[in-house]
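Hydrogens, waters and symmetry mates are skipped; everything else that's a heavy atom, side chains included, is used.
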Amino acid sequence: MKRTKIAEILRTEPVNTEVCVKGWVKAFRNNQFMALNDGSCAQNLQVVVDFEHADPALIDRIKFGAAVGARGQLVESQGKGQKVELKAAELEIYGDCNPEEFPLQPKKQSLEFLRDIAHLRFRTNTFGALFRIRHALAFAIHKFFNDRGFCYLHTPIITASDAEGAGEMFRVTTLPLENIPRTETGEVDFGGDFFGRPTNLTVSGQLEAELGAMALGEVYTFGPTFRAENSNTTRHLAEFWMIEPEVAFADLNDNMDLAEAMLQEVIGYVLTHCAADLSILEERLIEEEKSKPQDQRSPMALTEKLRFVVDNRFERVTYTEAIEILKNSNPNKKGKFQFPIEGWGADLQSEHERYLVEKHFNKPVILTNYPAAIKAFYMRRDEAKDGVPGPTVSAMDILFPGIGEIVGGSQREERLDVLRQKMQDMHIPEEELYWYLDTRRFGSCPHAGFGLGFERLVLFVTGMGNIRDVIAFPRYPGSAEF
RNA sequence: GCCUCAUUAGCUCAGUUGGUUAGAGCGGCGGACUGUUAAUCCGUAGGUCCAAGGUUCAAGUCCUUGAUGAGGCGCCA
């Protein structure tokens with residue numbers, strides 16, 4: 001008999017029909033009540049076993065974690081806690097699960113322990129909910145761009161340019177590491193390497209996305225991204241997924257509008273489509289925060305926090321205005337900042353960003369028009385402005401409470417002469433990026449785009465604390481298990 | 001990479017000023033019960049106290065080094 005997914009059964013409640021379900025045992029109470037979960041939704045289906053007439057050897061194999069199939073009548077439940085249940089006429093054990101060896105237990109287990117058994121943590125309620133939400137977010141992002149006529153562009157994962165300036169890269173090579181070929185001058189001879197030149201894993205698809213936008217108009221990438229930085233934080237991964245839209249004939253304001261609309265729409269999608277999964281994570285968070293002192297608990301529950309982000313405009317502030325706010329802030333005056341605000345020009349530290357987002361504005365903040373000196377070469381130089389001490393670029397960073405920077409983007413420098421000058425100033429070799437400069441030579445136009453760290457978005461939406469817990473198999477310094 | 005903290009049963013943790021035989025809850029196992037909701041009740045087993053050195057009559061406890069983990073910072077998405 002064809003199996004029906006539990007999500008389908010709980011939605012349609014086909015009482016008094018015969019159904020077949022297959023899943024994993026979440027609990028077996030009273031020798032009689034099996035809670036079965038097949039991953040299609042957060043809820044379990046209660047399967048009632050006729051223990052008086054069933055084979056005791058079979059009953060004995062119904063253990064936490066076992067894979068089981070059940071066929072029988074779906075009936076209204078006699079007990080409280082569920083509307084319908086399955087009266088099992090036939091049971092089949094697909095895979096036994098020895099409780100003496102199975103690392104998971106039907107109880108709360110720490111996220112750190114579960115990270116060590118990441119191949120099994122999908123089986124927990126928390127990670128089941130989390131990965132369904134992660135999927136919904138990914139889908140909502142594609143839907144958002146598709147609805148607006150964007151073209152999904154697959155940019156290369158292996159790249160030969162190391163001039164992108166987005167951090168340390170992973171080298172890709174087929175050269176024998178135990179016997180590296182050298183040139184006469186002793187340098188590594190990449191002539192015999194697979195691509196005949198040094199190559200790396202991509203740190204960004206942006207430059208290639210710009211090429212696509214210069215013809216397709218509106219494109220976005222959504223792919224794996226790699227950074228070989230020795231970053232040990234709850235917000236960094238060596239392998240993560242990034243969304244990078246790029247829009248022709250768009251300026252910084254269009255860019256901000258797009259990013260804000262996208263974040264609000266995809267979070268809204270999860271609120272309407274993943275209510276049960278969200279409430280599992282919300283409960284988990286509330287439980288976890290019970291052990292924290294009152295003043296360290298979040299002021300809003302998870303769904304309330306998400307609703308707030310969806311319903312309120314993000315605060316848009318220039319870097320120059322932010323410096324003024326920070327300079328006059330209480331923590332700065334009282335010397336509470338580890339890095340005091342000296343004046344215009346320095347990059348903001350995370351304590352400053354946190355103050356702006358979590359204390360001063362208490363909502364997502366878009367910081368714009370940063371000093372040119374602390375931003376990438378491809379960002380568009382602004383016109384000089386009264387009250388702004390130095391040159392700035394049309395950059396924007398979106399800061400979220402608890403996460404920090406979730407989006408980084410800019411209007412791009414479309415003027416060939418200005419771009420070449422900046423590359424020269426920042427020692428970026430023109431010959432390596434001739435193809436990038438060609439877009440400015442032939443039919444250049446104003447355009448803008450941004451990068452969204454997908455795991456940071458998942459982190460925010462699920463309320464998890466560590467980015468290593470929102471990707472199935474995290475890669476970070478010293479860790480590439482599974 | 002830097003700073004702080006942690007590592008004791010399968011899991012989560014307690015362990016006093018260095019002092020006899022190392023404790024709990026949950027989980028496991030055995031049994032009872034049988035409309036339960038992380039079922040309940042009774043019983044029971046389970047330990048290289050992260051590793052290696054050191055101090056001491058005596059180390060889970062103090063010191064040194066290392067490993068692993070967590071949190072913070074930097075880099076950034």
Donor-acceptor check, side chain of A:Arg227 to backbone of A:Val203, threshold 3.5 angstrom: yes or no? yes
In RNA chain B, consecutive runs of at least three Watson-Crick or G-U pairs below 3.5 Å, as range with range, amount to B:1-7 with B:67-73, B:10-13 with B:23-26, B:28-32 with B:40-44, B:50-54 with B:62-66
A:Gln82 (side chain) and B:U36 (base): donor-acceptor pair under 3.5 Å: yes
Would you indicate, yes or no, if B:G71 has its OP1 or OP2 atom less than 4.0 angstrom from a side-chain nitrogen or oxygen of A:Asn466? yes
Mind calculating the distance between CD1 (A:Ile59) and P (B:U34) to the nearest angstrom? 15 Å
State, to 0.1 Å, how close A:Glu85 and A:Ser77 come at their nearest heavy-atom pair, and which atoms those are. OE1-OG, 2.8 Å
What nucleotide among B:U36, B:C76, B:G1 has an atom nearest to a side-chain atom of A:Ser77? B:U36
So what does A:Gly451 touch, heavy atoms closer than 4.0 Å: a base, only the sugar-phosphate, or nothing? sugar-phosphate
Tell me whether the ring of A:Phe240 lies stacked over the B:A77 base, given a 5.5 Å limit on centroids and a 30° limit on the plane angle. yes
Checking side-chain polar atoms at under 3.5 Å, does A:Thr159 have a donor or acceptor matched by the opposite partner on A:Asn200? no
Calculate the interatomic distance between A:Asp50 atom CG and B:U36 atom C1'; express it in whole Å. 15 Å
Give a yes or no on whether a donor-acceptor pair under 3.5 Å exists between the nucleobase atoms of B:C75, that is its base, and the side chain of A:Ser231. yes
Is the backbone N or O of A:Gly345 less than 3.5 Å from a side-chain atom of A:Tyr319, with the two atoms forming a donor-acceptor pair by type? yes
Taking the side chain of A:Lys87 as its heavy atoms from C-beta onward, which of B:C11, B:G35, B:C75 lies nearest to it? B:G35
Identify the two heavy atoms, one from A:Val461 and one from A:Leu302, that lie closest to each other, and give their separation to 0.1 Å. O-CD1, 3.5 Å
Gap between atoms OH and C1', on A:Tyr370 and B:C76 respectively (whole Å): 12 Å
Establish, with yes or no, whether the OP1 or OP2 oxygen of B:C73 is under 4.0 angstrom from a side-chain nitrogen or oxygen of A:Arg235. yes
Between B:U20 and B:A38 - C1' atom distance, rounded Å: 40 Å
Interatomic distance at P, B:C62 relative to B:U8, whole Å: 15 Å
Output the single nucleotide from B:C76, B:G71, B:U37 whose closest atom is nearest the side chain of A:Arg456. B:C76
Side-chain contact check for A:Gln46: nearest option of B:U36, B:U12, B:C76 is B:U36
Enumerate all atom pairs, one protein N or O and one N or O from nucleotides 25-28 of chain B, separated by less than 3.5 Å.
from	atom 1	to	atom 2	distance (Å)
B:G25	N2	A:Lys107	NZ	3.4
B:C26	O2	A:Lys107	NZ	3.1

B:G35 to B:A9 separation - P atoms, rounded to the nearest Å: 39 Å
Starting from C1' on B:G35, measure out to NZ on A:Lys83 and report it in whole angstrom. 19 Å
Using only heavy-atom distances, determine whether the side chains of A:Glu210 and A:Tyr378 contain a donor-acceptor pair under 3.5 Å. no
Any side-chain donor paired with an acceptor under 3.5 Å for A:Asn230 and A:Asn232? yes
Looking at A:Phe400, is A:Arg456 sitting on its ring face, NZ or CZ under 6.0 Å from the six-membered ring centre and within 45 degrees of the normal? no
Output yes when a side-chain donor or acceptor of A:Gln32 lies under 3.5 Å from a complementary backbone atom of A:Val48, and no otherwise. no
Taking 4.0 Å as the cut-off, does a side-chain nitrogen or oxygen of A:Arg354 come that near to OP1 or OP2 on B:C73? yes
Taking the six-membered ring of A:Phe144, is the NZ or CZ of A:Arg148 close enough (under 6.0 Å from the centre) and on axis enough (within 45°)? yes
For nucleotides 42-51 of chain B, tabulate all protein N/O to nucleotide N/O atom pairs closer than 3.5 Å, reporting atom names and distance.
none

Carboxylate-amine/guanidinium proximity below 4.0 Å for A:Arg381 and A:Glu413: no
Does this structure show an ion pair linking A:Arg61 with A:Asp55, if we count only N-O contacts that are shorter than 4.0 Å? no
Can you tell me how far P in B:U40 sits from the matching atom in B:A58, rounded to whole Å? 48 Å
Would you indicate which nucleotide in B:C76, B:C33, B:U37 comes nearest to any side-chain atom of A:Arg227? B:C76
Under 4.0 Å between a side-chain N/O of A:Arg29 and OP1 or OP2 of B:U36, yes or no? no
So for A:Glu52 and B:U34, does any side-chain atom that can act as donor or acceptor lie under 3.5 Å from a complementary atom in the base? no
For A:Glu244, report the nucleic acid contact type (base, sugar-phosphate, nothing); a contact means any heavy atom under 4.0 Å. nothing
Under the 3.5 Å rule, do the base of B:G72 and the side chain of A:Gln338 count as making a donor-acceptor pair? no
Going by an N to O cut-off under 4.0 Å, is there a salt bridge joining A:Asp257 and A:Arg316? yes
Identify whether the distance between the nearest side-chain nitrogen and carboxylate oxygen of A:Asp251 and A:Arg380 falls below 4.0 Å. no
If only side-chain N and O atoms of A:Asn30 are considered, is one of them under 4.0 Å from the OP1 or OP2 phosphate oxygen of B:U34? no
Measure from NZ on A:Lys108 to P on B:C13 and round the result to the nearest Å. 13 Å
Out of B:G35, B:A77, B:U36, which has the shortest distance to the side chain of A:Gln32? B:G35
Calculate, to the nearest 0.5 Å, the distance between atoms CD1 and CG belonging to A:Ile403 and A:Leu457 respectively. 9.0 Å
So which nucleotide from B:U12, B:G35, B:G1 ends up closest to the side chain of A:Gln78? B:G35
Looking only at heavy atoms, what is the nearest atom pair of A:Val266 and A:Leu137, with distance? O-CD2, 3.9 Å
Are OP1 or OP2 of B:G71 and a side-chain N or O of A:Thr233 less than 4.0 angstrom apart? no
Figure out the CZ/P separation between A:Phe51 and B:C33, and round it to whole Å. 10 Å
Distance, rounded to the nearest Å, where A:Asp397 contributes CG and B:A77 contributes C1': 10 Å
Between B:G54 and B:U61, how many Å separate the two C1' atoms, rounded to a whole number? 15 Å
Rounding to a whole Å, what distance do you find between A:Leu457:CG and B:C76:C1'? 16 Å
P spacing across the pair B:C41 / B:A52, given as an integer number of angstrom: 41 Å
Quick check: on RNA chain B, is the nucleotide nearest A:Gln349 upstream (toward 5') of the one nearest A:Asn230, or the reverse? Name the residue that is more 5'. A:Asn230
Choosing from B:A77, B:G74, B:G1, which nucleotide comes nearest the side chain of A:Leu237? B:A77
Distance between P atoms of B:U16 and B:C33 (Å, rounded): 44 Å
Mind checking the P distance from B:U12 to B:G71? Whole angstroms is fine. 15 Å
